[in-house]
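Treat the numbers as computed from the prediction; the structure is a model and nothing was measured.
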Amino acid sequence: MATNARYDYQSTDEPAPTSPYGSGDPYYNKASGYIASGATPAKSSKRNWLKFGIPIAVLVIVGAVVGGVLGSRKSKTNSSNGGNNSNNNNGNGNNNGGPNNGLARLPTSTDPFYGMPIYPSSTNTALYGQPTFSTNAKSSWPSDTFSPSNPSTTSVRPDRPRLIAPAYKWNALPNLIATEPYFYAWNNSIFQNASDYYSLPPVKYFMDGSSGILDNAREIKMRIKAFSYAYRMTNNTKWADRAWDEIQAWKFASDSFGPAVDKWNTAHFLDAAEFAAAYAIGYDWLYDVLTDDQKSQMRNNMILYALGPGMGVFNGTNAVNGWWASNITGNWNCVCNGGLTLGALSILGDDTTGTAQYLLGQTVPNALQNCVFGVTSDGTWTETANYWYFGTTGHAEMASALLTATGSDYGLLDTNTKFYQTGYYHMYAHGPTSLFDYGDCGPNKFSTTANSITFYGTQFQIPEYVLYQRDQRDSAEPWSMFWYDPTVSGAWWGNLPLDRFFTDPTDQWASMRSSWTDNNALYIAMKAGTLVGHQTHNDLDNGDFVLDALDTRWAGELGSGDYNSYEYFTSDAQNAVRWLYYRKRTEGQNTIVVGEANQLVTSSPTITNGTSGTNQSPGTTVFSPPSGSNAYFIADLTNAYGNVTSFSRGIRMLNKRTQVLLQDEITATAAIQWRMHTNATIDAEGTVANLAIGSKQLQVEILNPPSGATFGTAQPVRYADDPALPSNATDSPNPGVSVLTINLPAGQYTLQVLFTPQWPGTSSSSYVKPSAVPLASWTVTSHP
C-alpha cells in the first residue's frame, strides 16, 4: 500500500477537487468537500484515505467518494498570512502590505495538508493574553441608530441594506480594513475570490439525483455574496453587472433550467431555501443599482419558486414538501426557515402579494419550536459535527438578518438556554488535524462555513469563539466582515480546558488533547449516545473513536455512504437498509463487533469520565502538560449488543498526554472482533503492530494479552456472511483503508491496547506500560 505523509482517506481514483474559491481559496476544505458540482477537474495524485470521502449533498453523489471528512485540506496560501489569501488587493488598488504588516495576526501559516492554522512556538503576552472584549480597543463598530422599542418581524429599518450588513457597518469598513489585520486579510480574499468568479461562466444547472440543485444554490449564494460585497465596497458597477449575470442565468426566462413548474426544486426544499437566501442578499445589497424591472423579476421568481411554496408549507397547501416544519430539529428546519426569512425580509415593503408578511409570521415561531433545539443540552448538534455547519449557518443568518432588519432575534438566541454552548462543541470536535466526523458528512459546503461561531461569540460575549474562528481557513468571506467584533483580543486558548465531556444522553462523547496550539498534539475523541434521533445521519457506532498525533490522523472515520443509494435515509429501524451499508454498519466503525452483527438501535449507554482539569494558559503557544495531567472516558455499552452479558469500553490519556490506553472489558456469547480503520501501512506481528504514514510512526501494543490475542488486518468491506444488499444498492468502496483487528472467541476478556506515537527525540525509556486496572477503578490518578 502506498504511504502518504499524512492522512487523506482519499480515493486513489477520485478527481482532484478544484476550489470554487479560486486562488483566494479561503474555505476550500477537500476534507469537507468544497467542490463544484459537476466539475471535471484534473486527476489527483494517488493518496490514501483519511478524509474518508467527500461529503455529498442530501441524496447527492458526486463522483467516486471514499468516506467522510477526516483528511486533507490543500493550502493555496502564502505562509505569512495565516491561511487567507496573500494578495494585497483591497478593492481600491492599494498594495501596502497590510496594517501592522500583519503582525497582529496570530498564525504564521496554514498546515499544507489539513488546512489548520499553525501558531508560532513563542511567548507573546501582548497578543496571547486572556480572551476578552476590550472597552478600550482602538477600533470598534459604531452604534446602530436603529433600535425600535417594540420590534416586529414585519417592521423593518428604513434604510438599505437591511440584511446582516446595514449601511453603518459598510461605512465603517474602510477604516477597519485599513487598521485591523484580520479585516484587511479577509477583504483581500473576498476581492480575490470575486475576481476569480468574475471570469467564470455563471453556475450551470446540475441536477444531482432527487436532491437536485443544493450545491448549485449554495455556489450561487457564495458568488452573489462576493460580487455584492465588491460592488458595495467600490461602487464599481461591473460587480453588480456580474452578479446580475449570475441571477439572470437562474431567473428562468427560458426553459433551460429545471422543471417548468418547480425550478428551484421545492421537493428538496433546502434548494429553494438557499436560492431564496442568495436572491435576498443580491436584492438587498444591490438594491440601489438594480433597475425596477430587475427587482420585479427577482421578487416574482423568489415568490414563485420559493416563498410561495414556503407559504404553502405553513398553510397546508404544500404540506408534502414541508415535512421539515414538523418537529424537525436538524439542519433542514434552520436552513429552510432561514432562507425563507431572508427572502421575505429582503422584499418586505415591495411585495404587494402579502407573501413576505405572511411568511414572517410563520418562519420565526417555527424555528423557535424546532431549529433552536438542534443543539442539545451540552451544546452538541443533534445530527453530526458536519451537519452543525449547515444548521448553525442557517440559524445565524436568520437571527442576524432579523436583528439588523427589525431590531430583534425574537428568541432565536436564547429560547434554547444551552444554545450558547454550541461553539464549544465545534471547537472540541476539532482535533489538530480535522473533525471527529462521525456519521454522515453532508453536502458540499460552498457558502456554508463555521463563521456562525463568530456571530455567536459576539452575541453571547464569548471572545474565544471569535478568536478561534478568525484564524480558521473558512473565515475569509463576507459574513466575517460584519459579524466580527474588532474589540476582541487575546488568545482563544487562554485557560481553555484540554478536555470536555458531552453528557446529554443523545450524544455522550469526550474530547481530550495534549495542546490546543500544537499541530502535532495528541487528540482522542470517543462517543457513545443513542443510535437514533439524529435525523438518520448516524452510524451504529457506540464506542467509536478517532486518534490524532504527529500532525496525522491514525484512526479515522469513513463518513457518508452514497446518499443516492437505495433507502439510504428511509429508516433507522433495526432492519433498515441503511444498516446494510458498510460505512453505516458497526463493522465500519472503530469499535467492537460481536458475532459479526450490528449494534442495537435501542442502545442507551451510560458513561463516566474524569479529568485533571488541565487548562492551557495564555501568554504562550508552547505548552507541555504537567505531571499528573490526565483524562478518561468510560461507556457501558452492554445494551448496544444482543450477544454480550457485559461490555464497557474506556479510553484515557497516559504519561503526560503522550500515550493512549484503550481498554475493553467484555463477556460475549459470540466471537469478538476489535476493529480500527487506518490509512497507515500496518506491520503486525503478534501483540505489536507498527503503523506508518510517511515518516510518522505509531506503535500499537496489546498489554497483558488474553490467550490467543494477536493483531491482524482486514479489508474495509462487509463480512462475507452479512445480509445481502438489495440489487439496486451501492456500497461505497474504501480504497487505501486498512482495518487493524484483534479476533477472540466468545468468552470473558479484558483487552488493553496501548497507542504510543513515536515522538521525535523521545527515548523508548520515556514511554510507559501501565499495569492492569479494572475500568471500575479508573481515576485521574490510577495511571501514570
With a 4.5 Å heavy-atom cut-off, do [X] and [Y] have their side chains touching?
| X | Y | result |
| --- | --- | --- |
| W324 | N337 | yes |
| Y581 | D731 | yes |
| I224 | I247 | yes |
| V546 | Y438 | no |
| N598 | Q574 | yes |
| R553 | N679 | no |
| T393 | E397 | yes |
| L307 | Y279 | no |

Take a 6.0 Å sphere around CG of N327 and say whether it holds more than 12 heavy atoms from other residues, nucleotides or ligands.
no
Under 3.5 Å donor-acceptor, [X] side chain and [Y] backbone:
| X | Y | result |
| --- | --- | --- |
| T552 | W554 | no |
| H677 | V739 | no |
| S571 | A576 | no |
| Y582 | N734 | no |
| N590 | D544 | no |
| N728 | Y566 | no |
| D572 | N538 | no |

What distance separates [X] [atom1] from [Y] [atom2], expressed to the nearest 0.5 Å?
| X | Y | atom1 | atom2 | answer |
| --- | --- | --- | --- | --- |
| F373 | T329 | CZ | OG1 | 9.5 Å |
| R583 | S732 | CZ | OG | 4.0 Å |
| N444 | D215 | CG | CG | 4.0 Å |
| E477 | T449 | CD | OG1 | 4.5 Å |
| E596 | R718 | CD | CZ | 11.0 Å |
| M676 | T591 | CE | OG1 | 13.0 Å |

Salt bridge (charged side-chain N to carboxylate O under 4.0 Å, His left out) against R585, all qualifying residues, sequence neighbours excluded:
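Partners of R585 under the salt bridge (charged side-chain N to carboxylate O under 4.0 Å, His left out) test: E587, D722.
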Could you list the residues that satisfy salt bridge (charged side-chain N to carboxylate O under 4.0 Å, His left out) with K527, not counting sequence neighbours?
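Partners of K527 under the salt bridge (charged side-chain N to carboxylate O under 4.0 Å, His left out) test: D541.
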Given the side-chain rings of H268 and W332, with only the six-membered ring counted for Trp, is the space between their centroids under 6.0 Å?
yes
Please list, chain by chain and in numerical order, all residues satisfying ring-ring contact (aromatic ring centres under 6.0 Å, His included) with W479, sequence neighbours excluded.
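Only W285, W483 meet the ring-ring contact (aromatic ring centres under 6.0 Å, His included) criterion with W479.
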Any donor-acceptor N or O pair under 3.5 Å, side chains [X], [Y]:
| X | Y | result |
| --- | --- | --- |
| Y114 | D548 | no |
| T376 | T506 | no |
| Q469 | D474 | yes |
| T384 | D440 | no |
| N386 | D437 | no |

Which of E383, E274, K445 passes side chain to side chain contact (heavy atoms under 4.5 Å, CB included) with F390? It is K445
Sole candidate of H426, H395, H430 that passes ring-ring contact (aromatic ring centres under 6.0 Å, His included) when paired with W388:
H426
Testing W509, Y456, Y387 for ring-ring contact (aromatic ring centres under 6.0 Å, His included) with Y425, which one passes?
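In the set W509, Y456, Y387, the residue that makes a ring-ring contact (aromatic ring centres under 6.0 Å, His included) with Y425 is W509.
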Any idea how F275 and W264 line up, ring-wise: parallel (<30°), tilted (30 to 60°), or perpendicular (>60°)?
parallel
Shortest non-hydrogen separation from A306 to A276 and the atoms involved:
CB-CB, 3.9 Å
